[in-house]
Structures are given as structure tokens and as C-alpha cells.
Visitor: 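This is the structure, below, for whatever I ask next.
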Amino acid sequence: MERTLIKDLKDKIDQQVTLKGWLQALRDQKSMQFLIIRDKTGLAQVAHWKKGNPLLAELISTLGTESALTVTGKVVANEVVKLGGIEIQLEELVVENNAEVPLPFDPFSDTLPDQDYRLDWRYLDLRRERNRLIFEVQTTLEQGMRDYWLANDFTEVHSPKIMGTPSESGAELFKVEYFDRTAYLAQSPQFYKQMAQAAGFERIFEIGPVFRADPSFTSRHMTEFTGIDFEMSWIDSHEDVMVFAENWLAHAYKVVNEKHHDAIQEHFGVDLQVPQTPFPRLTMAEAYQILKGMDYKLPPEKKGDLDPGAERALGDYVKQEYGSDFVYVTDWPFTVRPFYHMLHPDNPTLTRSFDLLGKGLEITTGAQREHHYEVLKQQALDKGLTLEPIQTYLNYFRYGCPPHGGLGMGLSRLLMVMLDLPTIREAVYVFRGPNRLEP
RNA sequence: GGGGGCGUGGUGUAGUGGUCAAACAUGCGGCCCUGUCAAGGCCGAGACCGCGGGUUCAAAUCCCGUCGCUCCCGCCA
């Protein structure tokens with residue numbers, strides 16, 4: 001029999017239906033049994049009169065909560081039932097998969113175990129509607145991003161994640177055995193994005209895994225995460241990238257808002273708003289002035305850079321001054337940026353680069369890239385790199401590479417910002433950290 | 001990698017030198033009551049207080065080490 005979703009039961013009064021879902025609660029009484037069934041669309045009460053089928057009653061008594069069930073019965077309107085005034089009179093029950101008793105923890109309890117313990121039993125934690133919503137939002141968010149890219153002539157690429165040479169610094173790379181030699185997991189698709197520019201793709205994006213061997217124990221770091229990257233040719237400066245990015249992000253927010261606004265409000269207490277464009281922009285020099293005015297003291301060794309506290313302070317500042325959750329911080333010193341960021345023609349100590357902060361959290365780094373072979377080589381040397389290992393990359397700039405720029409964004413960090421999540425471990429399907437390889 | 005905090009039944013907590021062979025909530029088992037619906041009532045099982053060492057007449061409680069978790073910093077998305 002065709003499955004009926006719980007949300008559609010109200011249209012099936014006096015009909016026989018089949019529900020498929022989990023046993024949320026069992027109230028096993030003397031003459032009656034009540035099974036609360038949950039599917040993705042809601043909860044429904046199933047009633048069973050024990051004397052009508054004593055054998056079935058016995059089976060029901062053995063069920064553990066969270067068992068996976070198929071239930072068939074007649075839908076009746078009954079105003080006594082507090083759950084929507086509807087119940088199913090049980091006729092048939094198939095136990096698809098009984099749940100052992102006791103559960104490692106009850107996902108629907110008022111008090112939840114520590115998050116680390118819940119990560120051990122991630123699939124149970126994900127049964128909570130709130131957690132499923134995060135990934136429904138993520139799906140819609142990515143769809144909104146893709147819509148916008150596709151409408152603007154972007155091509156999707158999938159770059160390799162196994163690399164033969166440590167590309168940038170090499171400090172945070174995972175080594176893997178590769179037959180009889182060593183390979184590395186990609187810590188960024190950066191070089192391959194730029195290869196597509198040299199290839200004449202003009203505009204490309206990639207959503208894919210990124211690996212960082214950072215032993216970071218914070219609420220916003222992972223050793224494997226999903227990177228959202230795009231790169232575009234024929235730009236005049238990093239400003240072109242920022243303009244595209246803010247409109248792209250606003251579109252993605254709009255799509256999410258249209259589909260999930262009320263659910264997000266209900267589960268996260270966030271009244272989601274589509275961000276106003278353009279986002280405020282602060283040069284690093286301006287950011288320093290603002291921090292000074294706020295009496296925020298940066299550690300002296302952070303010269304030219306921002307620490308997380310400074311980022312939070314700037315986030316507060318733009319919220320107050322501009323009512324914006326987002327702010328671009330631009331024109332970072334070359335000393336704190338990678339060698340391939342383009343320098344400002346009128347001030348070669350600064351780069352044509354930007355970070356995007358969302359509610360004071362760094363979610364994006366972007367820049368115009370240096371596309372002149374000789375200049376790029378010199379910048380690499382200035383950073384103390386040897387050219388030989390990156391020669392394949394440098395070659396992209398020898399035979400007609402257009403000016404270009406782009407950015408990289410952390411998908412889970414964006415979700416943290418969007419849904420006000422306290423830790424990235426909630427924003428990712430399965431968390432990977434220095435001490436977490438399971439599940 | 002550096003610094004702080006925490007580690008008590010399945011889970012969440014209380015207890016910070018003796019009155020703790022450890023309490024409460026929830027969950028679990030049994031019984032009672034009941035068309036239940038945040039169900040209620042009674043009874044019961046379940047923790048050598050992360051692990052190892054030390055101080056003390058006495059340690060869940062203090063000290064040292066160790067492991068785990070967590071937060072902040074560094075690093076970044």
C-alpha cells in the first residue's frame with residue numbers, strides 16, 4: 001500500500017493508510033496501546049485496542065522507542081486526541097527494525113548528553129528535527145548559489161584532491177601513501193581554479209572537500225571541510241569579485257529565506273533577513289582606526305593582521321553602524337597574505353585582497369591574483385618559496401592568462417553564521433577534527 | 001603547539017577533607033491506575049566518584065602524573 005505522509009493525514013479521514021516512521025513514544029496501558037509515530041513531516045497517534053488482537057499487543061509491548069515501523073490502519077477524527085484531533089486505528093504493524101533498549105541516549109529528551117558523546121551516535125542526534133533542518137538549509141543554500149552561478153555563465157569543475165607536491169606552504173598538509181611514493185591531500189583548490197582561468201573557462205566554481213592538518217581545537221575548525229570556491233576572469237580588481245560575491249550571497253540567502261524562514265525562526269530563534277547589498281567595506285587601515293576607537297588592543301605580534309577578538313569587535317561595529325551582519329575587510333598587507341595575491345599598484349606593501357566576516361567570524365578569503373609570470377615568480381621568492389615545486393602552477397601564467405580573482409568560503413562557517421550555531425560541529429554532517437575520525 | 005576549566009549510575013547534574021558503603025532528575029525493570037497524550041502512583045536494579053601514585057587517623061573532595069573532553073590563543077575557511 002502506498003505510503004501516506006503524516007502531514008497529509010487530515011485529508012484521509014475514514015480511509016485506510018500506511019505510515020512509515022519511527023516510534024517516538026509508546027504508551028502501553030491495560031486495554032489500550034498508543035504508538036506515537038514520527039516521520040519527516042510530523043507526529044501521529046496510532047491506537048490499538050489490545051483485546052482486538054492480543055498477539056499484536058504482545059509484539060507492541062516489546063518495541064523500543066525509535067524502532068522503524070510500517071503501520072497500517074484507518075484514519076479517524078477524534079477530538080479527544082491532542083495530536084491534531086486525528087488518530088489511526090491500528091490494523092497491521094510491520095517492525096522493520098526494532099530499536100534496542102535502552103538507547104545510547106534519547107534524542108528527544110529535554111537534557112542532551114555532551115556534544116562529544118552525541119557525535120559518537122551522530123545518526124541518533126540527526127534524528128532531531130532541528131538537526132535535519134540544518135542540512136535542508138544547506139541544500140537550499142547550495143542550490144541558491146548554483147542558481148546564481150549558472151545564471152552568470154559559471155562552469156563547475158572538480159579538481160583533484162590528491163596532489164603530488166605540497167603546493168603553498170606545506171605546513172598543514174596531510175601525507176598519504178601513493179603506491180611507492182608520497183602524495184598530499186589538497187588543502188585548497190586554489191591552483192586548479194587558476195588553471196581554469198589559463199584554460200579560458202573564464203568563470204568557474206567548485207564545491208568540494210578541503211583538508212587541513214591543523215591541530216586546532218576551536219569551535220570553528222575542522223581537518224576536513226567543504227570549501228566553496230569560485231574564480232572569475234577579466235576582472236579589473238578585487239572589487240569586481242566582492243560585488244559578485246555579495247550579490248551571489250544575497251541571492252542564496254533569499255532562496256533560503258523563502259523556503260525556511262519560519263522553520264529557522266522556530267528552531268534557532270533567528271529571524272533570517274536577506275543581507276543588504278553592498279556590504280560595508282573597511283580597509284585594514286580603517287579597521288585599525290576603528291579598533292583603536294573601540295579600545296580594542298591587538299597583540300603587538302599581530303601587526304597587519306586581525307585576531308579573532310578583533311574580528312568579533314569589527315562584527316559588532318558594522319552591526320551597530322550599518323546594521324549589517326557582513327563586512328569586507330580589504331587591502332591586507334602582503335606580509336600576511338599568500339604570494340599569489342596581487343599587490344596594489346600604488347602601494348606595493350598592500351594586496352588587492354579581502355576577507356568577508358559574517359557576524360565577526362571569518363568565512364571567506366579572496367583576492368585578485370597576480371597573473372604576470374615574472375611578477376608572480378618574484379613574489380614567490382619574496383615569500384621565501386623555491387620555484388621548482390610550484391613550476392607547474394607558474395606555467396599557467398606563460399601563455400595568455402587573463403586577469404582574474406576569486407574567493408574561498410567555508411560552507412559550515414556560513415551555516416554557523418546564518419543559523420547562529422555555537423560550534424561548527426553542529427553545522428557539519430560528520431565532524432572531522434584532530435581527535436575525531438569516527439564515525 | 002601554548003594557557004585555563006572539567007571528568008560522579010545509561011544520560012544530565014548535586015556533593016569541594018569525616019555525618020557519602022554517594023543524592024536528585026531522567027532513562028531502565030516490575031506492579032497498580034488510567035483513552036493515554038510533558039501521564040500519575042508504588043517498588044527495584046544501576047556509580048568501587050576517568051586511571052595511577054601520593055598526603056592524611058580519614059580523600060569523590062587536597063597534591064603529582066596520565067588519559068579524555070572542553071574553552072581561549074596561535075593558524076585559518
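Lettering of chains follows the sequences in order, A, B, ..., and the numbering in each one begins at 1. Side chains included, hydrogens not; waters and symmetry mates left out as well; all remaining heavy atoms used.
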Visitor: Given atom CD of Q89(A) and atom P of G35(B), what is their separation to the nearest angstrom?
Guide: 16 Å
Visitor: Which part of the nucleic acid, if any, lies within contact of V81(A), taking any heavy atom under 4.0 Å across all strands shown: a base, the sugar-phosphate backbone alone, or nothing?
Guide: base
Visitor: Would you say A77(B) has OP1 or OP2 under 4.0 Å from some side-chain N or O of T364(A)?
Guide: no
Visitor: Donor-acceptor pair under 3.5 Å: do we get one between R413(A)'s side chain and the base of C76(B)?
Guide: yes
Visitor: If you draw a 6.0 Å radius around NZ in K254(A), do more than 12 non-hydrogen atoms from other residues or ligands fall strictly inside?
Guide: no
Visitor: Verify the ring-centre separation between Y148(A) and F244(A): is it less than 6.0 angstrom?
Guide: yes
Visitor: With a 3.5 Å limit on both atom pairs, tell me what C62(B) is paired to, counting Watson-Crick and G-U wobble, or say none.
Guide: G54(B)
Visitor: With respect to the side chain of F225(A), which nucleotide from A77(B), C28(B), C73(B) is positioned closest?
Guide: A77(B)
Visitor: Does the side chain to side chain contact (heavy atoms under 4.5 Å, CB included) test come out yes or no for F135(A) and T140(A), once each step is laid out?
Guide: CA-CA 9 Å; F135(A) 300 98; T140(A) 307; over 6 Å; no
Visitor: Quick one: list whatever passes side-chain hydrogen bond (donor to acceptor under 3.5 Å, both in side chains) with E136(A), sequence neighbours left out.
Guide: R132(A)
Visitor: Under 4.0 Å between any heavy atoms, over every strand shown, what does R425(A) touch: base, sugar-phosphate, or nothing? Just pick one.
Guide: sugar-phosphate
Visitor: Without swapping roles, check the side chain of E231(A) against the backbone of H404(A) for a donor-acceptor pair under 3.5 Å.
Guide: no
Visitor: Under a 3.5 Å threshold, yes or no: a donor from one side chain and an acceptor from the other, between Q24(A) and T65(A)?
Guide: no
Visitor: Quick one: look up who C69(B) pairs with, Watson-Crick or G-U, both distances under 3.5 Å, and put none if it's unpaired.
Guide: G5(B)
Visitor: Assign S412(A) to base, sugar-phosphate, or nothing according to its heavy-atom contacts below 4.0 angstrom with the strands shown.
Guide: nothing
Visitor: Please round to the nearest 0.5 Å and tell me the distance separating atom OG1 of T364(A) and atom CG of L357(A).
Guide: 9.5 Å
Visitor: Would you call R127(A) and E66(A) a salt bridge, using N to O less than 4.0 angstrom?
Guide: yes
Visitor: Atom CD of E362(A) to atom P of C73(B): distance rounded to whole Å?
Guide: 13 Å
Visitor: Polar atoms only, N or O, under 3.5 Å: list the protein pairs with nucleotides 66-68 of chain B and their distances.
Guide:
none

Visitor: Is R337(A) touching bases, backbone alone, or none of the nucleic acid, heavy atoms closer than 4.0 Å?
Guide: nothing
Visitor: Would you tabulate the side-chain donor-acceptor contacts of residues 308-320 of chain A under 3.5 Å, counting partners in other chains and residues two or more places apart, or write 'none'?
Guide:
from	atom 1	to	atom 2	distance (Å)
K319(A)	NZ	D325(A)	OD1	2.9

Visitor: Y396(A): which residues meet the ring-ring contact (aromatic ring centres under 6.0 Å, His included) condition with it, sequence neighbours left out?
Guide: Y393(A)
Visitor: H238(A): what forms a ring-ring contact (aromatic ring centres under 6.0 Å, His included) with it, not counting sequence neighbours?
Guide: H344(A)
Visitor: Between protein and nucleotides 9-14 of chain B, map the contacts as a letter string: B base, S sugar-phosphate only, - none, heavy atoms under 4.0 Å, written 5' to 3'.
Guide: -SSS--
Visitor: Should A38(B) form a Watson-Crick or G-U wobble pair with both distances under 3.5 Å, which nucleotide is its partner?
Guide: none
Visitor: Counting only heavy atoms and a strict 4.0 angstrom limit, can you tell me which residues of residues 22-50 of chain A come near RNA chain B?
Guide: R27(A), Q29(A), K30(A), M32(A), F34(A), Q45(A)
Visitor: How many whole angstroms separate atom CG of D305(A) from atom C1' of C75(B)?
Guide: 10 Å
Visitor: I'd like the P distance from U61(B) over to A25(B), given in whole Å.
Guide: 26 Å
Visitor: Any strand counts, and the cut-off is 3.5 Å on both contacts for Watson-Crick or G-U wobble. Which nucleotide pairs with C20(B)?
Guide: none
Visitor: Quick one: which residue pairs count as a ring pair (Phe, Tyr, Trp, His ring centres under 6.0 Å) with a foot in residues 351-371 of chain A, not counting sequence neighbours?
Guide: Y328(A)-F354(A)
Visitor: Across nucleotides 1-6 of chain B, 5' to 3', mark each nucleotide with B, S or - according to how protein heavy atoms within less than 4.0 Å reach it.
Guide: B-----
Visitor: Could I get the full list of ring-ring contact (aromatic ring centres under 6.0 Å, His included) partners for H221(A), not counting sequence neighbours?
Guide: none
Visitor: Output all residues satisfying ring-ring contact (aromatic ring centres under 6.0 Å, His included) with F205(A), sequence neighbours left out; order by chain, then residue number.
Guide: W149(A)
Visitor: Could you check which nucleotide pairs with C48(B) in any of the strands shown, counting Watson-Crick or G-U wobble with both distances under 3.5 Å?
Guide: none
Visitor: Under 3.5 Å, which donor-acceptor pairs link side chains of residues 12-19 of chain A to any protein atom two or more places apart or in another chain?
Guide:
from	atom 1	to	atom 2	distance (Å)
Q16(A)	NE2	E91(A)	OE1	2.5
T18(A)	OG1	T72(A)	OG1	3.0

Visitor: Can you tell me whether the side chain of R212(A) and the base of A77(B) have a donor-acceptor pair closer than 3.5 Å?
Guide: yes
